[in-house]
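FYI, the numbering just counts along the sequence from 1.
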Amino acid sequence: MGRGRVTLKRIENKINRQVTFSKRRAGLLKKSHEISVLCDADVALIVFSTKGKLCEYASNSSMERILERYERYSHAEMPHTSTNTKSQGILTSDHVKLNARIELLQKRERNLMGEGLESLSLKEIQSLEQQIDTGLKHIRLKKNQLMLDMISQLQKQIKEEEKKVTQHESEQQTHEMMPSLHIGMLSNRVAFQAGGNGEVEENPRGGQPATVIPAWMVQHMTNK
């Protein structure tokens with residue numbers, strides 16, 4: 001007995017419906033590939049499951065190029081329509097194109113996360129792997145550059161802090177030397193004005209009485 005004719009209606013059983021969808025989707029992808037190879041045709045296939053999962057196929061030309069070609073053809077087929085109809089058709093085509101683009105980007109994002117790889121061919125998986133490797137190389141280069149910049153900035157901060165500490169120590173040493181220098185200068189001045197026995201030989205203020213500085217005081221101030 002031959003195979004009976006299948007009635008086209010919605011499969012009520014959820015499991016059977018999912019199994020049938022998977023089988024028919026695989027057959028549809030296979031037929032799309034065969035017609036593109038055998039007939040050298042540009043084929044674009046877009047299928048959404050009941051859960052919203054995207055399944056697509058594009059021949060040697062990319063999906064974007066096929067959609068653009070479809071839009072140009074659609075616009076060329078409507079030369080005598082009104083302006084409003086043309087505008088509506090353009091908007092509708094743009095809407096379809098943008099939706100397809102969004103779905104394509106979402107699929108690529110899922111593929112980069114390691115999801116939805118069942119419908120990809122070996123060549124597409126190899127291309128995806130190469131893209132990920134290239135992206136990792138760029139990420140590592142950027143990370144290394146940021147780390148080098150941070151190290152350079154830290155080294156610069158360390159040098160500035162060392163310079164501040166050295167300057168502070170120098171100022172502190174100078175401040176500690178000032179009292180001894182002042183006392184030494186005062187002692188030299190007193191020794192210059194006083195005689196060998198500690199008496200002032202000359203009155204610097206004229207009519208005022210001369211001040212007598214004992215020798216033991218001069219010696220005591222010098223020892224300080």
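In terms of hydrophobic clustering, with Ile, Leu, Val, Met, Phe, Trp and Tyr side chains grouped at heavy-atom distances under 4.5 Å, Ile35 and Tyr57 are assigned to a common cluster. Under the 4.5 Å side-chain contact rule for hydrophobic residues, Leu67 and Ile102 do not share a cluster. Under a hydrophobic clustering in which Ile, Leu, Val, Met, Phe, Trp and Tyr are joined whenever their side-chain heavy atoms come within less than 4.5 Å, directly or via other members, Met113 and Leu136 fall into different clusters. Residues Leu45 and Phe21 share a single hydrophobic cluster, defined by chaining ILVMFWY side chains whose heavy atoms lie under 4.5 Å apart. Clustering ILVMFWY residues whenever any of their side-chain heavy atoms sit less than 4.5 angstrom apart, transitively, puts Val47 in the very cluster that holds Val43.
In this structure, Lys107 and Lys53 have side chains that are not in contact, with every pair of non-hydrogen atoms separated by 4.5 Å or more. Two residues are said to be in side-chain contact when any heavy atoms from C-beta on lie closer than 4.5 Å; Leu128 and Glu124 fail this criterion.
Although no hydrogens or angles enter the test, the distance criterion places no donor-acceptor pair under 3.5 Å between the side chain of Gln155 and the main chain of Ser152. Between the Thr134 side chain and the Gln130 main chain, a donor and an acceptor come within less than 3.5 Å of each other. A donor-acceptor pair is defined here as one N or O able to donate and one able to accept, closer than 3.5 Å; no such pair exists between the side chain of Arg110 and the backbone of Glu115. Side chain of Ser36 to backbone of His33: a donor-acceptor contact under 3.5 angstrom is found.
The line from NE2 of His168 to CD of Glu171 is 7.5 Å long, rounded to the nearest 0.5 Å. Note that CD1 of Ile46 is 9.5 Å distant from CD1 of Ile66, once rounded to the nearest 0.5 Å. Note that NZ of Lys31 and CG of Leu28 are 10.5 Å apart. Values are rounded to the nearest 0.5 Å. The CD atom of Gln18 sits 7.0 Å away from atom OG of Ser49, with the distance rounded to the nearest 0.5 Å. Taking CD1 of Ile125 as the reference point, atom CG of Asn111 lies at 9.0 Å (rounded to 0.5 Å). Rounded to the nearest 0.5 angstrom, Glu34 CD and Leu29 CG are separated by 11.0 Å.
At most 12 non-hydrogen atoms from other residues, nucleotides or ligands lie less than 6.0 angstrom from CG of Asp40.
Contact between Glu103 and Leu54 at its shortest, heavy atoms only, is O-CD2, 3.3 Å. Among all heavy-atom pairs drawn from Ala44 and Met63, the shortest one is CB-SD, 3.8 Å. The two residues Glu64 and Arg108 make their nearest non-hydrogen contact at OE2-NH2, 3.6 Å.
A side-chain contact (heavy atoms from CB on, under 4.5 Å) with Ile158 is found for exactly one of Lys156, Glu161, Glu162, namely Glu162.
For Ser32, the side chain to side chain donor-acceptor pair (under 3.5 Å) test picks out no residue, with sequence neighbours left out.
Salt bridge absent: Arg69 and Glu71 never bring a charged side-chain N and a carboxylate O closer than 4.0 Å.
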